[in-house]
Amino acid sequence: MTTPSAGWTDELARARLHFVTGKGGTGKTTLAAALGLALASGGRRVLLIEVEGRQGIAQLFDTEPLPYAEQRIAAVPGGGELRALHIDVEAALLEYFEMFYNLGFAGRTLRRMGAIEFATTLAPGLRDVLLTGKIKECVGRTESDGRHTYDAVVVDAPPTGRVVKFLDVTKALTDLAKTGPIRGQADGVVRLLHSGETAVHLTTLLEEMPVRETVEAVAELDGADLRPGAVLVNRVRPPRLPARSVTAAADGRVDADRVRSGLASAGLNLPEATLDALVEETVEHAVRVAAEQRAREQLAEADLPTLELPDLTDGVDVAALYELAETLQEQGVR
């Protein structure tokens, strides 16, 4: 059986652009935010980008909806800083017109005419080109001293079912635009996304459907020559049974008399109905633990670094994000 690599690797530590994807409901936005906080430790500046228009980052950090502007969203111990950006497609298109065609005024006129919505509807891929183009600009931006503005950029990416199309759309555009600013911009995005500076991390739960989708996404990323990063296993719950007892308990083989005598020796004399309920819960727990073990074995086939995040029973607030970030750092994120 293949054993998954544990922890963050030196190769991942060299990446500057981190996409976080996952099946809906696996907590990808939460883990993207936690990864941003973890990478900002030690005095680094990190940008967290949202591209899906849900304002999920603002909700996580309990702030007002993010504008189309980079703004500080959290301070990190050690002098680090996390900034956030909600990319608005219309604003990105206007910025694109002004940057490459000096059409700022014309772009605003197009917006009033509704031409921008028409263009992105007519050419759906254009939306992703604008988003990835803005991401590239943030990654490559430098200060007057030549240093990068951001030590790392983390993107809360589309879900696994759409992430390869999102990341590879600019490659298709290069076949359409043979010359000019669009071609140059597209080539630059392609080089970045297919380079060692970029990693695509996959968030999953230890459940059949998310794990299957994760393994399929890894194969799809490999096929598109995009680099899978780490598997982020979210909401991991500790087993309450010794490993040697799981198989028997999952098959329903729980000795009720032994449970009763163990409770009695601890001074607990429970009604029969309560004892039956405890036995039933033990079986259910063992079934879950066995299923999670099978999920881990399936994830091991992807042969990627694997990091595990705990199940936060009290929900996710800003304090919980820092807790998750610390857990990532303990597993080597830097």
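Below, each value reflects all heavy atoms present in this structure, side chains not excepted, and no hydrogens, waters or symmetry copies. Along the sequence shown, the residues carry numbers beginning at 1.
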Asks: Between R288 and E284, does at least one N-O distance fall below 4.0 Å, as a salt bridge requires?
Replies: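 Salt bridge absent between R288 and E284.
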Asks: Do V254 and L241 share a hydrophobic cluster (ILVMFWY, side-chain heavy atoms under 4.5 Å, transitive)?
Replies: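 No: no chain of side-chain contacts under 4.5 Å links V254 to L241.
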Asks: Quick one: closest heavy-atom pair of V287 and A250, and the distance?
Replies: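 It is CG2-O, 3.7 Å.
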Asks: Take atom CG of D62 as the centre, draw a 6.0 Å sphere, and report whether it contains more than 12 heavy atoms from other residues, nucleotides or ligands.
Replies: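 No, the 6.0 Å shell around CG holds no more than 12 heavy atoms from other groups.
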Asks: Are R212 and E216 ion-paired here, with the side-chain N under 4.0 Å from a carboxylate O?
Replies: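 Not counted as a salt bridge, because no side-chain N and carboxylate O are separated by less than 4.0 Å.
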Asks: Answer yes or no: is there a side-chain heavy-atom contact under 4.5 Å between H86 and E52?
Replies: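 They are not in contact (no side-chain heavy atoms under 4.5 Å apart), so the answer is no.
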Asks: Do E326 and E323 have side-chain heavy atoms sitting under 4.5 Å apart?
Replies: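 Side chain of E326 against side chain of E323, heavy atoms only: no contact under 4.5 Å found.
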Asks: So, the side chain of T9 versus the backbone of G7: is there a donor-acceptor pair under 3.5 Å, distance only?
Replies: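 No, the answer is negative, given that no donor and acceptor are paired below the 3.5 Å cut-off.
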Asks: Quick one: pull up CZ in R260 and CG in L275 and give me the separation to the nearest 0.5 Å.
Replies: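 One finds 5.0 Å between CZ of R260 and CG of L275.
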Asks: With heavy-atom distances below 4.5 Å as the criterion, would you say the side chains of V236 and L309 are in contact?
Replies: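 Answer no - side chains too far apart.
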Asks: Are Y322 and L60 connected in the hydrophobic side-chain network, where two residues link if heavy atoms are under 4.5 Å apart?
Replies: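 Linked, Y322 and L60 end up in one cluster.
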Asks: Going by salt bridge (Lys or Arg N to Asp or Glu O under 4.0 Å), name the residues that satisfy it together with E70, two or more places apart in sequence or in a different chain.
Replies: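 E70 satisfies salt bridge (Lys or Arg N to Asp or Glu O under 4.0 Å) with R141 only.
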Asks: Just wondering, do S195 and L192 contact through their side chains at under 4.5 Å, heavy atoms?
Replies: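 Yes, side chains in contact.
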Asks: Are the side chain of K28 and the backbone of L202 linked by a donor-acceptor contact shorter than 3.5 Å?
Replies: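 Pair absent, no side-chain N/O of K28 close to backbone of L202.
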Asks: Quick one: does I73's side chain get under 4.5 Å of I57's, heavy atoms only?
Replies: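 Of all side-chain heavy-atom pairs linking I57 with I73, at least one is under 4.5 Å.
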Asks: Can you give me the closest heavy-atom contact between L206 and V211, atom names plus distance?
Replies: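 Minimum heavy-atom separation between L206 and V211: CA-CG2, 4.4 Å.
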Asks: Restricting to non-hydrogen atoms, name the atom on L66 and the atom on A84 that form the minimum distance, rounded to 0.1 Å.
Replies: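 L66 and A84 have their closest heavy atoms at CD1-CB, 3.8 Å.
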Asks: Decide whether L304 and L226 are clustered together by the hydrophobic rule: side chain heavy atoms of Ile, Leu, Val, Met, Phe, Trp, Tyr closer than 4.5 Å, transitively.
Replies: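 Both belong to a single hydrophobic cluster.
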Asks: How long is the gap from CG on L324 to CG on L307, to the nearest 0.5 Å?
Replies: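 These two atoms lie 12.0 Å from each other.
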Asks: So do the side chains of L299 and V233 get within less than 4.5 Å of each other, counting heavy atoms only?
Replies: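 Answer yes - side chains close enough.
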Asks: Measuring only between side-chain heavy atoms, which start at C-beta, is E81 closer than 4.5 Å to V46?
Replies: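 Of all side-chain heavy-atom pairs linking V46 with E81, none is under 4.5 Å.
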Asks: Are more than 12 heavy atoms, taken from residues, nucleotides or ligands other than E143, located less than 6.0 Å from that residue's CD atom?
Replies: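 More than 12 within 6.0 Å, yes.
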Asks: So, R240 and E281, do they make that salt bridge, N to O below 4.0 Å?
Replies: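 A salt bridge is absent here (no side-chain N lies under 4.0 Å from a carboxylate O).
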Asks: Is there a donor-acceptor contact under 3.5 Å from the side chain of R16 to the main chain of Y150?
Replies: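 Confirmed, R16 side chain pairs with Y150 backbone.
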Asks: Grab the two heavy atoms, one from T142 and one from H148, that are nearest each other, plus how far apart they are.
Replies: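 Heavy-atom minimum between the residues: CG2-CD2, 4.0 Å.
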Asks: Under the side chain to side chain contact (heavy atoms under 4.5 Å, CB included) rule, what do I49 and D156 come out as? Steps first, then yes or no, please.
Replies: CA-CA 6 Å; I49 296 179; D156 178 17; over 6 Å; no
Asks: Could you measure the distance from the OG1 atom of T26 to the CE atom of M209? Nearest 0.5 Å is fine.
Replies: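 One gets 12.5 Å once the value is rounded to the nearest 0.5 Å.
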Asks: Tell me whether V318 shares a hydrophobic cluster with L328, the cluster being built from Ile, Leu, Val, Met, Phe, Trp, Tyr side chains joined at under 4.5 Å.
Replies: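 Yes, V318 connects to L328 through the hydrophobic network.
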Asks: Kindly say whether A319 contributes a backbone atom to a donor-acceptor pair with the side chain of D317 at under 3.5 angstrom?
Replies: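 Checking the backbone N and O of A319 against the side chain of D317, a donor-acceptor pair under 3.5 Å is found.
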Asks: Between the side chain of T282 and the main-chain N/O of L278, is any donor-acceptor distance below 3.5 Å?
Replies: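 Judged by distance alone, yes, a pair lies under 3.5 Å.
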Asks: Does a salt bridge link D10 with R334, judged by any charged N lying under 4.0 Å from a carboxylate O?
Replies: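 Yes, D10 and R334 are salt-bridged.
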Asks: Using every non-hydrogen atom in the two residues, find where L12 and P305 come nearest and quote the distance to one decimal.
Replies: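 The answer is CD1-CG, 4.1 Å.
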Asks: Without placing hydrogens or testing angles, list every side-chain donor-acceptor pair under 3.5 Å for residues 31-43, not counting sequence neighbours.
Replies:
from: S41; atom 1: OG; to: A38; atom 2: O; distance (Å): 3.0
from: S41; atom 1: OG; to: R44; atom 2: NH2; distance (Å): 3.3
from: S41; atom 1: OG; to: Q329; atom 2: NE2; distance (Å): 2.9

Asks: Are the side chains of L48 and V155 in touch, meaning some heavy atoms are under 4.5 Å apart?
Replies: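 They are not in side-chain contact.
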Asks: Can you find a side-chain donor-acceptor pair between T203 and N234 that sits under 3.5 Å?
Replies: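 Their side chains do not contain a donor-acceptor pair, so the 3.5 Å distance test is not met.
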Asks: Under a 4.0 Å N-O cut-off, is there an ion pair linking R162 with D128?
Replies: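 Yes, charged N to carboxylate O under 4.0 Å.
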Asks: Between E292 and R294, is there a salt bridge with N-O shorter than 4.0 Å?
Replies: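 Judged by the 4.0 Å cut-off on N to carboxylate O distance, R294 and E292 do not form a salt bridge.
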Asks: If I take atom NZ from residue K134 and atom CG from residue L85, how far apart are they, to the nearest 0.5 angstrom?
Replies: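 It is 6.5 Å, given to the nearest 0.5 Å.
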Asks: Taking all heavy atoms of R147 and all of D145, pick out the closest pair and write down the distance.
Replies: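 Taking every non-hydrogen atom into account, N-OD1, 3.0 Å.
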Asks: Can a donor-acceptor pair be found, under 3.5 Å and without considering hydrogens, that links the side chain of Q331 to the backbone of E308?
Replies: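 Side chain of Q331 to backbone of E308: a pair is present.
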Asks: Any donor and acceptor pair, going by atom type alone, linking the side chain of D151 with main-chain N or O of R45 inside 3.5 Å?
Replies: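 Between the backbone of R45 and the side chain of D151 there is a qualifying donor-acceptor contact (under 3.5 Å).
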Asks: Just how far is it from atom OG1 of T327 to atom CG of L232, taken to the nearest 0.5 Å?
Replies: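 So the gap between those two atoms works out to 12.0 Å.
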Asks: So does E208 have more than 12 non-hydrogen atoms from other groups sitting under 6.0 Å from CD?
Replies: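 Not more than 12 within 6.0 Å, no.
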Asks: Just to verify, which of L193, D187, V189 counts as forming a side chain to side chain contact (heavy atoms under 4.5 Å, CB included) with R191?
Replies: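 Going through L193, D187, V189 one by one, the side chain to side chain contact (heavy atoms under 4.5 Å, CB included) with R191 is satisfied by D187 alone.
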Asks: Is any side-chain N of the basic residue among E197 and R14 closer than 4.0 Å to the acidic one's carboxylate O?
Replies: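 No.
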Asks: To the closest 0.5 Å, what do you measure between CG (D168) and CD (E220)?
Replies: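 One finds 9.5 Å between CG of D168 and CD of E220.
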Asks: Is a side-chain donor or acceptor of T21 paired with a backbone partner of T160 at a separation under 3.5 angstrom?
Replies: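 Checked: pair present.
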Asks: Do I87 and V139 belong together in a cluster built from hydrophobic side chains that touch within less than 4.5 Å?
Replies: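 Linked within one cluster.
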Asks: If a pair satisfies ring-ring contact (aromatic ring centres under 6.0 Å, His included) and one of its residues is in residues 13-34, list it, with sequence neighbours excluded.
Replies: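 Found W8-H18, H18-H201.
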